Colleague: 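Below is the structure I would like to discuss, written out as structure tokens.
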Amino acid sequence: MRWCEVEALNETLGAEKIAKNGGYYRISKEDETVFQLSFSKTGPCGESLYQPLIKLRREGDRAIPYYLLDVAAQPMNYLQRNSASDAQALDQSFTELIDRFYCELPVSPVTAKPESQQ
């Protein structure tokens with residue numbers, strides 16, 4: 001995914017959690033080179049149970065997933081981009097999560113703008 005697409009998605013959705021289908025979608029900017037995307041549900045003590053949380057870092061004009069935490073997976077899943085197999089699993093999980101964002105939220109994958117503005 002291009003970095004500008006992630007920035008456009010962040011601009012469109014903002015940093016607030018968006019409730020949809022029993023959980024919360026969120027994109028947030030950690031710093032100028034890192035974004036977090038997550039789907040979470042609320043745990044019994046009010047905590048966020050990430051299903052998953054994926055961090056993206058900027059490499060040139062690309063957004064590269066480099067960290068994954070999924071506390072709902074059995075066993076819990078934690079990955080960093082340390083090997084080819086980890087990179088493949090991160091890329092697959094990111095594709096699945098971003099597809100969920102585009103299917104569940106009122107944004108388009110082409111421009112990450114609200115569909116009503118296209």
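No hydrogens, no waters, no symmetry mates; every other heavy atom, side chains included, goes into these values. Everything numeric here is computed off the predicted structure, so don't read it as measured data.
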Colleague: Closest heavy-atom contact between Ile54 and Pro65?
Modeller: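 Closest heavy-atom pair between Ile54 and Pro65: CG2-CB, 3.9 Å.
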Colleague: Run Gln88 and Gln92 through side chain to side chain donor-acceptor pair (under 3.5 Å) and show every step you take.
Modeller: CA-CA 6 Å; Gln88 184 177 14; Gln92 177 65 34; over 6 Å; no
Colleague: I'd like to know if Leu68 and Leu56 are part of one continuous hydrophobic network [Ile/Leu/Val/Met/Phe/Trp/Tyr, side-chain heavy atoms within less than 4.5 Å].
Modeller: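 Cluster IDs for Leu56 and Leu68 match.
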Colleague: Would you say Ile18 ends up clustered with Val107 if hydrophobic residues are merged whenever their side chains have heavy atoms under 4.5 Å apart, either directly or through other cluster members?
Modeller: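 In one cluster with Val107: Ile18, yes.
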Colleague: Check the orientation of Phe101 and Tyr25. Use parallel for under 30°, tilted for 30 to 60°, and perpendicular for over 60°.
Modeller: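 Correct class here is perpendicular.
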Colleague: Between the side chains of Ser38 and Ser40, is a donor N or O closer than 3.5 angstrom to an acceptor N or O?
Modeller: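 Checked: Ser38/Ser40 side chains show no N/O donor-acceptor pair below 3.5 Å.
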Colleague: If you measure from CG on Leu9 to CD1 on Ile27, what distance do you get to the nearest 0.5 Å?
Modeller: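 One finds 4.0 Å between CG of Leu9 and CD1 of Ile27.
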Colleague: What closest approach, in Å, do Thr42 and Tyr24 show between heavy atoms, and which atom pair accounts for it?
Modeller: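 So the minimum-distance heavy-atom pair works out to OG1-CE1, 3.4 Å.
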Colleague: Using a strict threshold of under 4.0 Å (side-chain N to carboxylate O), is an ion pair present between Asp91 and Arg81?
Modeller: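 Yes, Arg81 and Asp91 are salt-bridged.
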Colleague: With hydrophobic residues grouped by side-chain heavy-atom distances under 4.5 Å, do Val71 and Tyr78 end up in a single group?
Modeller: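 Yes; Tyr78 is reachable from Val71 via cluster members.
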Colleague: Going hydrophobic residue to hydrophobic residue with side-chain gaps under 4.5 angstrom, can you get from Phe35 over to Tyr66?
Modeller: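 Cluster IDs for Phe35 and Tyr66 differ.
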Colleague: Has Glu5 got a side-chain atom pairing as donor or acceptor with Arg2's backbone, closer than 3.5 angstrom?
Modeller: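 Such a contact is found between Glu5 side chain and Arg2 backbone.
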Colleague: Considering all heavy atoms of both residues, which atom of Ser28 and which atom of Asn10 are nearest to each other, and what is their separation?
Modeller: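 Heavy atoms of Ser28 and Asn10 come nearest at CA-OD1, 4.2 Å.
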Colleague: Would you give the length of the straight line joining atom CE of Met76 to atom OH of Tyr50, rounded to the nearest 0.5 angstrom?
Modeller: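 Rounded to the nearest 0.5 Å, the CE-OH separation comes to 13.0 Å.
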Colleague: Determine whether Phe94 and Met1 satisfy the following criterion, side chain to side chain contact (heavy atoms under 4.5 Å, CB included), listing intermediate values before the conclusion.
Modeller: CA-CA 10 Å; Phe94 172 65; Met1 174 176 252; 3.7 Å; yes
Colleague: To the nearest 0.5 Å, what is the distance between OG1 (Thr95) and CZ (Arg100)?
Modeller: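 Between Thr95 OG1 and Arg100 CZ, I get 13.5 Å after rounding to 0.5 Å.
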Colleague: Glu16 and Arg26: which non-hydrogen atoms are nearest, and at how many Å?
Modeller: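 Nearest pair, atom of Glu16 first, then Arg26: O-CG, 4.3 Å.
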Colleague: In plain terms, say whether Lys55 and Glu30 are close enough for a salt bridge, that is, a side-chain N and a carboxylate O under 4.0 Å apart.
Modeller: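 Looking at Glu30 together with Lys55, the answer is yes, because their closest N to O distance falls below 4.0 Å.
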Colleague: Of the non-hydrogen atoms in Ser48 and Lys17, which two are nearest, and what is the gap between them?
Modeller: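 That would be OG-NZ, 3.2 Å.
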Colleague: Taking Gly60's backbone N and O only, do any of them form a donor-acceptor pair with Arg58's side chain (distance below 3.5 Å, no angle check)?
Modeller: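 Such a contact is found between Arg58 side chain and Gly60 backbone.
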Colleague: Apply side chain to side chain contact (heavy atoms under 4.5 Å, CB included) to Arg57 and Thr33, showing your working.
Modeller: CA-CA 5 Å; Arg57 71 174 165 238; Thr33 61; 5.6 Å; no
Colleague: Would Leu37 and Val34 show up in the same hydrophobic cluster when neighbours are defined by side-chain heavy atoms closer than 4.5 Å?
Modeller: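 Unlinked, Leu37 and Val34 end up in two clusters.
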